[in-house]
Amino acid sequence: MGQRKKIVIKPAPLIPGETVGIAAPAGCFDEERFRKGLSVIEDMGFRVKVPEGVFASKRYLAGSDEHRALILNRLFSDDGVRAIICARGGFGTIRIAPLLDVDLYAGKPKILVGFSDISALLSIVCQHSGLVVFHGPVVTSLADNAGQSVESLLAAITSATPVSIRPDDGVTITPGRARGVVRGGNLASLCQMAGTPWQPDFKGCLLFLEEVNEPPYRIDRMLSQLRFSGCLDGVAGVALGSLEGCGDRRTVFEIVAEHVPPGVPVLAGLPVGHGKVNLTLPVGIEATLDADNMTLDYHESALALPGD
């Protein structure tokens with residue numbers, strides 16, 4: 001795939017009435033929750049395209065690797081589809097990495113949304129094509145229809161206003177202020193790419209991390225792997241999202257501080273990830289992290305504006 005391209009490619013804003021395609025790059029999913037999530041997308045004012053074969057199942061995967069990658073590649077090549085939201089996380093995205101047509105994605109930029117295991121897809125696409133992507137709800141999580149999550153997603157994919165996050169439950173772990181391109185996502189999903197051709201490069205970046213149902217010792221293990229593989233070298237700042245089911249937060253915060261390079265600002269408590277509220281974060285453009293004032297402010301719109 002080559003190295004990360006320096007160019008930043010922004011997708012066009014999604015307009016009411018346009019079509020959202022559904023991909024399933026990872027796990028198979030519950031059809032009832034999936035249908036509820038589709039209804040939320042339609043209530044947002046968009047048409048939905050569910051490709052034939054999206055309900056395929058192979059063990060815990062939504063079909064074979066070739067099948068899952070083909071659906072995603074076809075959605076990117078389809079000029080009638082303006083955005084792609086992934087059906088579910090789970091596991092399996094890393095398996096289709098060699099089959100992703102990132103050059104196609106760069107040439108036909110579309111809004112791409114997902115989280116959890118989809119973090120691997122977001123990382124690969126952003127790093128190797130330059131396309132700005134969106135860490136946000138998957139279809140099955142939209143079934144819960146948390147108002148803030150839906151509002152945040154809608155604003156992120158339709159509005160030119162730069163995203164700004166001011167967590168009510170923010171915690172300053174390491175004080176300071178840093179500027180950089182926002183990258184990251186689910187810790188386990190990023191960790192599994194260390195030592196592969198798709199190893200993330202976070203130099204100069206604001207690294208966002210979230211996790212669910214992983215005890216502190218496993219978080220320590222995963223951060224150790226990222227650290228010793230060089231993924232944390234040169235990181236500018238760290239923002240922690242939801243840590244649902246991960247034990248005592250203070251213990252996790254202590255572990256994170258031990259692995260992040262000295263002096264790098266670290267802010268915790270962003271309502272992003274597997275928690276009740278999952279705000280949408282653009283991935284691939286610059287923001288400023290202020291751990292003292294507990295803010296994450298993007299410098300620009302994640303979407304292509306007229307004249308760009």
* Asked: Is the CD atom of Glu66 crowded by more than 12 outside heavy atoms at less than 6.0 Å?
  -> yes
* Asked: How about Gln148: does its CD atom have over 12 heavy atoms from other parts shown lying under 6.0 Å from it?
  -> no
* Derivation of the salt bridge (Lys or Arg N to Asp or Glu O under 4.0 Å) call for Asp290 and Arg166 -> CA-CA 10 Å; Asp290 189 333; Arg166 284 162 167 72; over 6 Å; no
* Asked: Where do Tyr105 and His128 land on the ring-ring contact (aromatic ring centres under 6.0 Å, His included) test, with the steps shown first?
  -> CA-CA 10 Å; Tyr105 306 167; His128 294 278; over 10 Å; no
* Asked: Do you know the tightest heavy-atom contact between Asn73 and Leu99?
  -> ND2-O, 3.1 Å
* **Main-chain N/O of Asp78 paired with Lys110 side-chain donor or acceptor, under 3.5 Å** => yes
* Asked: Ile96 and Pro25: which non-hydrogen atoms are nearest, and at how many Å?
  -> CD1-CB, 3.8 Å
* Going by an N to O cut-off under 4.0 Å, is there a salt bridge joining Arg179 and Glu286? -> yes
* To do: Could you tell me the separation between the CG atom of Leu14 and the CZ atom of Arg82, rounded to the nearest 0.5 Å?
  => 7.0 Å
* State whether the side chain of Thr172 and the backbone N or O of Pro175 hold a donor-acceptor pair below 3.5 Å, judged by distance alone. => no
* To do: Find the distance between CD (Glu18) and OG1 (Thr158) and round it off to the nearest 0.5 Å.
  => 11.0 Å
* **Atom pair CD/CG of Gln127 and Leu122 - distance to nearest 0.5 Å** => 12.5 Å
* Ile255 side, atom CD1; Asp220 side, atom CG - distance, nearest 0.5 Å -> 4.5 Å
* According to the interplanar angle, ranging from 0 to 90°, do the rings of Phe115 and His135 count as parallel (below 30°), tilted (30 to 60°) or perpendicular (above 60°)? -> perpendicular
* Asked: At what distance, to the nearest 0.5 angstrom, does OG1 of Thr140 lie from NZ of Lys36?
  -> 12.0 Å
* Quickly, which of Glu214, Gln192, Glu210 forms a side-chain hydrogen bond (donor to acceptor under 3.5 Å, both in side chains) with Asn186? Name it, please. => Glu210
* Spacing of CG belonging to Asp101 relative to OG belonging to Ser77, to within rounding of 0.5 Å -> 9.0 Å
* **Side-chain heavy atoms of Leu240 within contact of Leu270, under 4.5 Å** => no
* To do: Determine whether more than 12 heavy atoms belonging to other residues, nucleotides or ligands lie under 6.0 Å from atom CZ of Arg33.
  => yes
* Structure fact -> Residues Thr280 and Val163: closest non-hydrogen pair is O-CG1, 4.1 Å
* In sequence, state the C-alpha distance, the side-chain angles, and the governing distance for Lys58 and Asp65, and then conclude on salt bridge (Lys or Arg N to Asp or Glu O under 4.0 Å). => CA-CA 9 Å; Lys58 180 181 180 182; Asp65 297 342; over 6 Å; no
